[in-house]
Amino acid sequence: MVEKLGLLQIDSVNVFERAHYLPVFARLGAYDKGDLDRLTLGPAPRFIEYVAHEASFLPRETWPLMRWRMTEFRDRSLVEADSWARQNETLLGWLVAELEATGPVPASAIEHDANQRRGPWWGWSDVKRGLETLFRWGDVVIAGRERFERHYALPHHVFTPELLTQDVPRAEAHRRLVEVGARAHGIGTVADFADYFRLGIADSIVAVRQLEDAGVLVPVRVDGWKQNAWLHRDARQPRTIEATALLSPFDPVVWDRKRTERLFDFHYRIEIYTPAPQRVFGYYVLPVLVDDRVVGRVDLKHDRQAGVLRVQAAWQEAGAPPDTAARLAAVLAATARWQGADDVWVAARGNLATALRSEVAAIA
């Protein structure tokens, strides 16, 4: 599933569940999170971290496709003579030497108060910034996590020589990344495909034309869309879609808010960083997918201490199907079991709350 999507976005917010676990649950239902942990967080992870859409888990084979981005990050960091990277070249060299000597180490082994600036030494914030800079340059990689804490390493500690020596030209890398986005989306515009890996529009237009010439992308017209669109040749077109799922704010189906409005006529904004009095729908709000429509949203919190999945608000869109509450209640019950919660509690806030509370009580 991860290879089909091409990536899993990472986010540290854990009020309900960490972001990378949720697209898997939405598509496959309840699964053992330990299985995904072994693929992403273990000492020899199948999927590695880099800056893709945002910070993401990626197939290892994607890492060489990001070298152009690493070069851009490096060039941007060094363009000014008085830039932070230029002013801290000694620190950056020390960090590489330290990792060469120690091998993979947790962040806390380097980022701590003992790194206070004393003569040639540095404060922890400098070390943290240096590691992040080297990570973006590709000079440092993440060798798994423990309790979600990053382990830093050098590329040769993690990757095979074959992977390390792959030199993918920028144009080919863009073409391959655009195809990943197009295959995952199925249908979309140049901007949709470009956004998947945060690519530039100009490069993506060239890539789309190349993929169209190769028969990988098929130009199509979509009623109501002003932009040109393309269908990936492997996209399935089912007669009907039967699904009920909670979508993470970082799920590819809804992470591009403009595309979400164009596809589903669903206005969605994440309100985590909005002051509480100004929030419209709640703090950690997940869109609700019913069949081929996004028909509502719920503000979820996993109260781990009490063993309760709390629905702090529940909303439905105009025209939502009559069985929305019943179908959502079933998903919430399955979600609670998957999370190890004993109960689902529904607050009174939102235009779906009353019906949802009744349906949750009926299946309790």
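We number each residue from 1, following the sequence as shown. The shown structure was predicted, so the numbers you read here are calculated from the model rather than taken from an experiment.
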Task: Sidechain N-carboxylate O distance under 4.0 Å for D265, R293 - done: no
TODO: Verify the cluster assignment for V2 and V253: are they in a single hydrophobic cluster under the rule of side-chain heavy atoms below 4.5 Å apart?
DONE: no
Task: CD on Q9 to NE2 on H20, rounded to 0.5 Å - done: 12.0 Å
Task: CA sep, side-chain torsions, deciding dist, call: F57, T62, side-chain contact (heavy atoms from CB on, under 4.5 Å) - done: CA-CA 10 Å; F57 291 115; T62 305; over 6 Å; no
- [ ] Salt-bridge test for K128 and E132: reply yes if a basic N is under 4.0 Å from a carboxylate O, no otherwise.
- [x] no
- [ ] May I ask you to decide whether R183 forms a salt bridge with E3, counting only side-chain N to carboxylate O separations under 4.0 Å?
- [x] no
TODO: Specify the closest pair of heavy atoms between L92 and W137, including all atoms of both residues, with the distance to one decimal.
DONE: CD1-CH2, 3.7 Å
Open item on the list: So D139 and R74, do their side chains get closer than 4.5 Å, heavy atoms only?
Closed with: yes
Open item on the list: So that I can tick it off, tell me whether R257 and E261 are bridged by a salt bridge, with the cut-off set at under 4.0 angstrom between side-chain N and carboxylate O.
Closed with: no
Task: Close side-chain approach of L356 to L332, heavy-atom, < 4.5 Å - done: yes
Task: Residues in salt bridge (charged side-chain N to carboxylate O under 4.0 Å, His left out) contact with D251, at least two apart in sequence or another chain - done: R27
Open item on the list: Would you say that L154 contacts V140 through its side chain, given a criterion of any heavy-atom pair below 4.5 Å between the two side chains?
Closed with: yes
Task: Considering all heavy atoms, the nearest A341-L309 contact - done: CB-N, 3.9 Å
Open item on the list: When you group the ILVMFWY residues by side-chain heavy-atom contacts below 4.5 Å and let the links chain together, are L39 and L22 in the same group?
Closed with: yes
Task: Same apolar cluster: L263 and V290, side chain cutoff 4.5 Å - done: no
Task: Closest non-hydrogen atom pair between S204 and V190, with its separation - done: CB-CG1, 3.9 Å
Open item on the list: Around atom CD of E100, are there more than 12 heavy atoms from other residues, nucleotides or ligands closer than 6.0 Å?
Closed with: yes
Task: Distance-only side-chain donor-acceptor flag, S56 / E49, under 3.5 Å - done: no
Open item on the list: For A194 versus I201, what's the shortest heavy-atom pair and its separation?
Closed with: CB-CD1, 4.1 Å
Open item on the list: Donor-acceptor pair, distance only, cut-off 3.5 Å: does the side chain of N351 make one with the backbone of Q316?
Closed with: yes
Open item on the list: I'd like to check P249 versus V254 (side-chain heavy atoms, cut-off strictly below 4.5 Å). Are they in contact?
Closed with: no
- [ ] Answer yes or no: is there a side-chain heavy-atom contact under 4.5 Å between R349 and Q312?
- [x] no
Open item on the list: Hydrogens and angles aside, do T189 and W225 bring a side-chain donor and acceptor to less than 3.5 Å of each other?
Closed with: no
- [ ] Indicate whether the side chain of Y21 and that of D37 have a donor and an acceptor atom separated by less than 3.5 Å.
- [x] yes
Task: Side chain proximity check, V141 to I48, heavy atoms < 4.5 angstrom - done: no
Task: Single-linkage hydrophobic cluster, 4.5 Å side-chain cutoff, W63 and F73 together - done: yes
Open item on the list: Check whether T165 reaches the backbone of E162 with its side chain - one donor and one acceptor, N or O, closer than 3.5 Å.
Closed with: yes
Open item on the list: Donor-acceptor check, side chain of R221 to backbone of N228, threshold 3.5 angstrom: yes or no?
Closed with: no
TODO: Report the distance from atom CZ of R150 to atom CD1 of I142, rounding to the nearest 0.5 Å.
DONE: 4.0 Å
Task: Minimum heavy-atom distance G181-F197, with the two atoms named - done: N-CE1, 4.4 Å
Open item on the list: Could you check whether R145 and H151, counting side-chain N and O atoms only, form a donor-acceptor pair closer than 3.5 Å?
Closed with: no
- [ ] Using the side chain to side chain donor-acceptor pair (under 3.5 Å) rule, collect all pairs that involve residues 320-342, keeping only residues at least two apart or in two chains.
- [x] E17-Q339, T244-R327, D291-R327, H302-Q339
Task: Inter-residue atom distance D299.CG - Y283.OH, 0.5 Å rounding - done: 10.0 Å
Open item on the list: With a 6.0 Å cut-off (strictly less than), is the heavy-atom count around NZ of K301, excluding the residue itself, greater than 12?
Closed with: no
Open item on the list: Centroid separation under 6.0 Å, is that true for the rings of Y196 and H185?
Closed with: yes
Task: Spacing of CZ belonging to F193 relative to CZ belonging to R259, to within rounding of 0.5 Å - done: 7.5 Å
Open item on the list: One thing to verify: whether R233 and E212 come together as a salt bridge, which I'm taking to mean a side-chain N less than 4.0 angstrom from a carboxylate O.
Closed with: no
Task: CZ/R304: more than 12 non-hydrogen atoms of other groups inside 6.0 Å - done: yes
- [ ] Could you walk me through whether R170 and D203 pass salt bridge (Lys or Arg N to Asp or Glu O under 4.0 Å), step by step?
- [x] CA-CA 9 Å; R170 177 191 175 99; D203 290 314; 2.7 Å; yes
Task: Short N-O contact, D126 and R129, less than 4.0 angstrom - done: no
Task: side-chain contact (heavy atoms from CB on, under 4.5 Å) partner of H174, the single match among V168, V206, L199 - done: L199
Task: Within-4.5 Å side-chain heavy-atom neighbours: D195 and W255 - done: yes
- [ ] Indicate the atoms forming the closest heavy-atom contact of A348 with R357, along with that distance.
- [x] N-NH2, 3.3 Å
Open item on the list: Using 0.5 Å steps for rounding, measure from the CD atom of E317 to the CG atom of L352.
Closed with: 10.5 Å
Open item on the list: Is there a path of hydrophobic side-chain contacts, each under 4.5 Å between heavy atoms, that joins V295 and Y268?
Closed with: no
- [ ] Please work out whether the ring planes of W315 and F281 are parallel, tilted or perpendicular, with thresholds of 30° and 60°.
- [x] perpendicular
Open item on the list: What verdict does the side-chain contact (heavy atoms from CB on, under 4.5 Å) test give for L217 and H232, after you've listed the backbone C-alpha separation in whole Å, the side-chain angles of each residue and the deciding distance to 0.1 Å?
Closed with: CA-CA 5 Å; L217 295 181; H232 194 282; 4.0 Å; yes
Open item on the list: side-chain contact (heavy atoms from CB on, under 4.5 Å), that's the test. Do Q87 and D82 meet it? Break it down for me.
Closed with: CA-CA 6 Å; Q87 295 296 314; D82 60 350; 4.2 Å; yes
Open item on the list: Taking the ring of Y50 and the ring of F135, is the distance between their centroids below 6.0 Å?
Closed with: yes
Task: Residue pair F266, R297: steps toward the side-chain contact (heavy atoms from CB on, under 4.5 Å) verdict - done: CA-CA 10 Å; F266 182 79; R297 60 195 96 201; 3.3 Å; yes
TODO: Give a yes or no on whether the backbone of L211 and the side-chain of R175 come within a donor-acceptor separation of less than 3.5 Å.
DONE: no
Task: Note, P45 side chain near R60 side chain (heavy atom, < 4.5 Å) - done: yes
- [ ] Please determine if R18 forms a cation-pi arrangement with F148, meaning its NZ or CZ atom is less than 6.0 Å from the six-membered ring centre and no more than 45° off the ring axis.
- [x] yes
Task: Pairwise distance CG(N88) to CH2(W94) - rounded to 0.5 angstrom - done: 12.5 Å
